[in-house]
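In this text, all values refer to a predicted model and were calculated from it rather than measured experimentally. Both ligands and their constituent atoms are indexed starting at 1 by order of listing.
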Amino acid sequence: MADNPLVTAARPDDSLRPGGRRNGRALNPFAGFRDAISDEEASNPAVVAELQRRFRHTILFATLGTIPTAICIGALMWFVSPGPGVLAWVAASLTTLGLWLWALRLPVDLGWLRLAIAIQVYGGIVWGSLPVVAMPGDERWQLFMAAFGMGVQASSVLFAAQIRRLFYSFHVPNLVLSLAGFVLYSDGVGRWGAALLAYAGIFAAGLSEIHHLTALSASTYSVRASRLAMGLTAKSQALTEANRQLAAQASTDPLTALANRFDFDRRLGAALASGPDAASGPDAVVAVAMIDLDRFKAINDSLGHRVGDLLLVAVGERLRHRLEPGEVLARFGGDELVVLSPDCDGGTGAIDLGRRLATAFDEPFIIEDRRLAVGASIGVADSSSASEAGDLLRFADAALYRGKRQGGNRVEVFDAELDRALRERRLLEGELAAALGDGQLVPFLQPFVDVETGAIVGAEALARWIHPDGVRSAASFIEVVEDLRLVDELTDRLLDALTEARLLSPAIRRLPISINVGPDHLDGLIDRYEGTGVLSGLQLEITEQARFVESVTAVNRLIARAHANGATVLLDDFGVGFSSLARAARLAVDGYKLDRLFVAELSTCPDARAVLAGVAVIAERQGRELIAEGVESLDQTRILAEFGVRTVQGFVYSPALPLTELGELVARGHRFTASFGRAVPEAS
Ligand code: C2E
Ligand code: CA
Ligand code: CA
């Protein structure tokens, strides 16, 4: 709206209203300018300065233009009829000029506008009194005066280009007085003059209005253009600032203000593309160090996330002080910190970098008055072993995990051994995914044996890889299957094979069969097989993990759904890891499987026997089954039986067997009396 001159011109001149305030806001002193200035712009000092400059120029030009006119007229009047009236008039008209020159030095504001109007009214009276002062009764002279008055009227239109009120405050008294002079002091021809003058006055007013409404003077355009330019500059500055902030956010980690993964990847890519500084020697390398705090999760869990966050900030700060110029420290998330050293010695640079960063953990951290001795594992890799950013990070990560496996708080550098392990691992991943598709992963069954009768009372399905080099046990590949997120697919394939075997063999059909279900896969398994009948008669061996501790009720809901589908649930690996008696008792499982590590201790450790006694009593009281796995000697069986364990599983009886083989044993009614005496059919 403000850009439409027809609309803005119609706006009332608020600036001239006494008080000059509307809605409590100071009124815009430029509201009367023909090119209406918004309140916002009126508060912009740059716009105000520009307008005042233009305004002064216009008035100065118009005013200075009247000096020769006033002097010529004064001289003429003096020539026709000299007298004090003429001198007084010349003095008065020059006073107008003086007043303007004084006024133009003052700041243009609301008060100034009132002063300007007063000067204009004064000027109008002075020029309007001309016919009265100088009316000598000569008709030609009167006509000349009328023509001259017309010129004055027209020139006053100039003011309209700036402020309309200034035009009218001159024009109205000037016209009224001139007309009155002609009417009162002249006859015939003088009245023609009055008519001419009236016509000129109305014409000038009309011209002023048209000018005001439609004609956009050059000054208007340039004011508008500069206004626009100033607005654009402000907007583009705001935009640049917003962009800068966005970029900063996109490249920094909000917690530690270190670089984030995105920014790190960008810099690492650039460092690898340009290579190390040639001046650093021909074997200089780009190195990456990965830092992972030992036991960070435990600190977070026991002391709270606030302490965890503060610790991360403090660690970031210490590491930052160990950087050399050009090095970049980033946080990838969690407690994973990474350093890029773009220009590192090819010989000992990597290990030196790791050791330098490790000194950050020499002293304990003080977080909220707590002393936290925190160790870190650091893995370093350099561009002598990898030219791709992704490989470099993976290699540093592999070195880091070797450090973790070796107990943490140490620096490891990626080397040939790790390289070999990684290559083997990648090979294994590819092979394994293909093997799953080709049906090379099958279930074997390891029998559960009744300690008294030696009869087969059940079996555990264990995944086996029928590899061209030999049968591989689950321990050699199950972790990789999990990493590849293929566990569900593996379970589905094993269940397919088991279902088929149960259909074909009545012996297997009669047998309760256990399958292993990781804690993260239990709900998925039940979702997939709910109502299909596949789970009926199966035992689900679940391991208790940290997640279970959080919500026993959630796990019990899943167990109830398993029950509803005809399956029972056993708590696997009991006696090691996360399982505790107190928590286990609250889970609605149907039995416990004593882990083989626990069983192994029975023969040697009296404490293990005491624990077993307690567990057996609890299981008995709860009416839950107690199964021992990993039984490798009849001595162990004897001890287990002594404490009331009825079911055992282990190499002393049989390893896991192909389905048909176990089916035959069951069909024959085989009873184990002693060690089955077979070699373990596993290649690795
Ligand atoms: P687990 O559930 O504790 O299974 C028992 C492991 O002990 C099996 O190893 C078995 O071959 C081995 N074992 C049996 N008797 C003896 C013994 O007398 N002495 C010793 N030292 N070991 C014995 P396996 O088959 O290599 O499986 C390793 C782990 O892989 C299993 O531990 C289980 O957690 C997992 N796993 C095996 N099959 C599957 C599967 O189909 N799905 C899932 N999710 N996990 C599986
Ligand atoms: Ca198991
Ligand atoms: Ca186990």
### Message
Does any part of the side chain of Ile378, heavy atoms only, come nearer than 4.5 Å to the side chain of Glu412, both counted from C-beta?
### Response
no
### Message
Closer than 4.0 Å to some heavy atom of Gly650 - which atoms of ligand 1 meet that?
### Response
15 (N), 18 (O)
### Task
Using a 4.5 Å cut-off on heavy atoms from C-beta on, say whether the side chain of Leu495 contacts that of Leu525.
yes
### Residue Asn516, metal the Ca ion (ligand 2), N/O/S under 3.0 Å
yes
### Task
Mind listing the protein N/O/S atoms less than 3.0 Å away from the Ca ion (ligand 3)? Waters don't count.
Asp573 OD1, Asp595 OD1, Glu629 OE2
### Query
For ligand 1, which atoms have a heavy atom of Glu460 less than 4.0 angstrom away?
2 (O), 4 (O)
### Query
Counting heavy atoms only, which of Asn516, Leu494, Leu570 comes nearest to atom 2 (O) of ligand 1?
Asn516
### Query
Would you call Ala656 a ligand 1 contact, heavy-atom distance under 4.0 Å?
no
### Task
Assess Lys593 for proximity to ligand 1: is some non-hydrogen atom of it under 4.0 Å away?
no
### Task
For the pair Ile299 and Val374, evaluate side chain to side chain contact (heavy atoms under 4.5 Å, CB included) and give the outcome as yes or no after the intermediate values.
CA-CA 9 Å; Ile299 292 172; Val374 180; 4.1 Å; yes
### Task
Examine distances only and state if a side-chain atom of Asp294 and a backbone atom of Asn409 form a donor-acceptor pair shorter than 3.5 Å.
yes
### Message
Within ligand 1, which atoms have a heavy atom of Asp573 less than 4.0 Å away?
### Response
3 (O)
### Summary
Applying ring pair (Phe, Tyr, Trp, His ring centres under 6.0 Å) to Phe598 and not counting sequence neighbours gives none
### Identity of the N, O or S atom of Glu460 lying closest to the Ca ion (ligand 2)
OE2
### Asn556 (side chain) donor-acceptor with Ala588 (main chain) under 3.5 angstrom
yes
### Task
Mind running side chain to side chain donor-acceptor pair (under 3.5 Å) on Glu460 and Asn516 for me, showing each step along the way?
CA-CA 8 Å; Glu460 176 177 8; Asn516 291 282; 2.8 Å; yes
### Query
Of the choices Arg596, Glu632, Glu629, which has the non-hydrogen atom that lies closest to atom 6 (C) of ligand 1?
Arg596
### Query
Parallel under 30°, tilted from 30 to 60°, perpendicular over 60°: which one fits the rings of Phe264 and Phe332?
perpendicular
### Query
So which bit of Val652 gets within less than 4.0 Å of ligand 1, heavy atoms only: side chain, backbone, both or neither?
neither
### Task
Check each heavy atom of Leu462 against ligand 1 and say whether those closer than 4.0 Å belong to the side chain, the backbone, both or neither.
both
#### Entry: Greater than 12 external heavy atoms within 6.0 Å of Arg306's CZ
no
### Gln649 touching ligand 1 at heavy-atom level, < 4.0 angstrom
no
### Task
May I ask you to test the Pro447-Leu662 pair for a side-chain heavy-atom distance under 4.5 Å?
yes
### Query
Can you find an N/O atom of Leu490 closer than 3.5 Å to an N/O atom of ligand 1?
no
### Task
Starting from the C-alpha separation in whole Å, work towards a yes-or-no answer on side chain to side chain contact (heavy atoms under 4.5 Å, CB included) for Val380 and Val288.
CA-CA 6 Å; Val380 195; Val288 165; over 6 Å; no
### Query
So does Glu541 pair up with Lys593, basic N to acidic O under 4.0 Å?
yes
## Note on the structure
To the Ca ion (ligand 2), the closest N, O or S atom belonging to Glu541 is OE1
### Query
Which of parallel (below 30°), tilted (30 to 60°) and perpendicular (above 60°) describes Phe574 and Tyr592?
parallel
### Query
Hey, does the Lys NZ or Arg CZ of Arg318 hover above the aromatic six-ring of Phe365, less than 6.0 Å from the centre and inside 45° of the axis?
yes
#### Entry: Region of Arg464 that comes within reach of ligand 1 [heavy atoms, distance under 4.0 Å]
side chain
### Query
Should one rank Ala475, Ser476, Pro443, Ala463 by closest heavy-atom distance to atom 28 (C) of ligand 1, which comes out on top?
Ala475
### Message
At less than 4.0 angstrom from any non-hydrogen atom of Gln446, what atoms of ligand 1 do you find?
### Response
14 (C), 15 (N)
### Query
Does Arg596 reach the main-chain N or O of Val631 with its side chain, forming a donor-acceptor pair under 3.5 Å?
no
### Message
Please report whether ligand 1 has a polar contact with Glu541, defined as an N or O pair separated by less than 3.5 Å (distance criterion only).
### Response
no
